[in-house]
Amino acid sequence: MELTSVKSTFDVTAIRKDFPVLSEMPYGKPLVYFDNAATSQKPQVVIDALVNYYSHYNANVHRGVHFLSQKASDAFDAVREKVRSFINAATEREIIFVRGTTEGVNLVAATYGRKNIQQGDTILVSAMEHHSNIVPWQMLCEEKGARLNVIPMNEKGELVLDSLEDLLNDNCKFVAVTHTANSLGTINPIKEIIAKAHSKNIPVLVDGAQAVAHDEVDVQDLDCDFFVFSAHKMLGPTGIGAVYGKLSLLEEMPPYHGGGEMIKSVSFKGTTWNEVPYKFEAGTPNIADVIAMGAAIDYWYSFDRAAAHQQEIDLLNYCTSKLADIPSVRIIGTAKNKAAVISFVIDKANAMDVGMFLDTKGIAVRTGQHCAEPVMDWFGIPGTIRASFMFYNTLEEVDYFIEQLKKAIQLLAV
Amino acid sequence: MRTIAEIENEIIDDFALFDTWEEKYQYIIEIGQKLKPLAAEFKTDDNKIKGCQSSVWLTASENNGIIEFSADSDSVFVKGEIALLMEVLSNQTPDAIVNAELGFIDQIGLRSHMAQTRANGLAAMIKQMKLYAVGFQHKNV
């Protein structure tokens, strides 16, 4: 695998050239892509990895004796180590490939959850979870006669940690909480939550979907029991992601789906399971996307991540201050520790109308509930307009966005 | 009384004046801003259309076999859409409304600029208008 030479300073103009989509011209206007929390754009190296696999060595992995299969298997297997290193897991056996964060949460609920949650137990989530980290737990609760409890949040969109004393009681058997909230941008003090849960011997799953692309994640330092994330929010392809689980837990968990690859031996009398992590990966894996996810991880090491992170903080602070100057704008989610996500509402203007106006100007934002209905209910709003940034966005784009937003307000907030 | 097809053709002609989606969007907003607001008493959950990202209320009345619709929304754009639909379908007979194909929606390029959720909302509005017409059809049998 070739490694791009590390760029010493962060040059946003140069980095934008790595992302072909950024030069698109919707309606003949330069694209301003501020919907990165929904999915990030892909650098050319990721696109090339997909095309290259299908063009030159498409074959099934771990089965064939032929040249192509060996090449595909080598490329596929190498990515597990890349993912391990990216989040600093102790061993690559702790990495399970899944379709994405949603499947990851479902996998843990269906295996660890089904085995360990009993009637009368409680599962603790937070008030700012994405639906993906609520619904699988609700389904498990329904099946087992268990109950879902919620860590409350304050008006800034910060979790109220004082409540943990009561919530982490004897009935609580599992905690599932987001690292960074997609709807508010809040970065939760996840390490502290994990330490508190562990002091009562309660395992913790972290929804890392938003966090992996913006903060360096070290699962051993966090000491989380499970960490789930998707490749597509961190410059990789859609349809692939990973579950990290502590090896001791994975060893004890029953399999997820049944099929090929996950078995050691099959007879009509019974079947024995393959080793971790293969036990959880039934069927032909998503080979192309795993390989492209590996290319995305390589790309992350090709530039100065600290400088890229600073670019996002600059974008967040600059846009927040510009929005604060517009009297009819109210920012939803004003936590002290925030990722580069700004959710806001405008007096007398419907979020979707504003989003559609911005779209006619080539600006992509998300409007609505952001798959977090409970968060919108908490704030008593039908939805927000959300601008979410990536390091390849520029302050000039923010200026254009603010200029067009003011026009939208003039037209719509009457 | 103009037929549904005649009104649809007039709308298609109006939209032919615009080259860009931006112009069409602004025109729909203008139409929406002109829509007479619905009285608060009609903004009930019963009159709310399910399947829309924004809130849409729709009600209908019938007089001598002719249906008249009234509607409102918290979205100006949706008000514009529903005003267009009302221009075509209000003051028509139940039979004409039930049989309307509403080809103008695709011809003015409305649907091609919509995310799935928005397109579903538009479909839900049309469905509700037709359901009212079916109701009045049976009432008059």
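It should be emphasised that the depicted structure is a prediction, and the values quoted were computed from it without experimental measurement.
- No more than 12 heavy atoms of other residues, nucleotides or ligands lie within 6.0 Å of CZ in A:Arg330, so this atom counts as exposed by the packing criterion.
- A:Phe401 meets the ring pair (Phe, Tyr, Trp, His ring centres under 6.0 Å) test with A:Phe34; sequence neighbours excluded.
- The number of heavy atoms from other shown groups lying within 6.0 Å of NZ (A:Lys406) does not exceed 12.
- Listed for the B:Gln26 side chain is no donor-acceptor partner under 3.5 Å among the backbone atoms of A:Leu411.
- B:Glu6 CD: more than 12 foreign heavy atoms inside a 6.0 Å radius.
- In this structure, chain A has heavy atoms under 4.5 Å from both the backbone and the side chain of B:Ser75.
- Taken to the nearest 0.5 Å, the CG atom of A:Asn350 stands 11.0 Å off from the CZ atom of B:Phe77.
- If you measure heavy-atom distances from B:Glu30 to chain A, you find no contacts under 4.5 Å at all.
- For the pair A:Asp353 and B:Val78, the tightest heavy-atom approach, listed with the atom from each and the gap, is OD1-N, 4.4 Å.
- Between A:Thr360 atom OG1 and B:Glu23 atom CD the span is 10.5 Å, to the nearest 0.5 Å.
- At a 4.5 Å heavy-atom cutoff, the contact between A:Lys361 and chain B is made by side-chain atoms alone.
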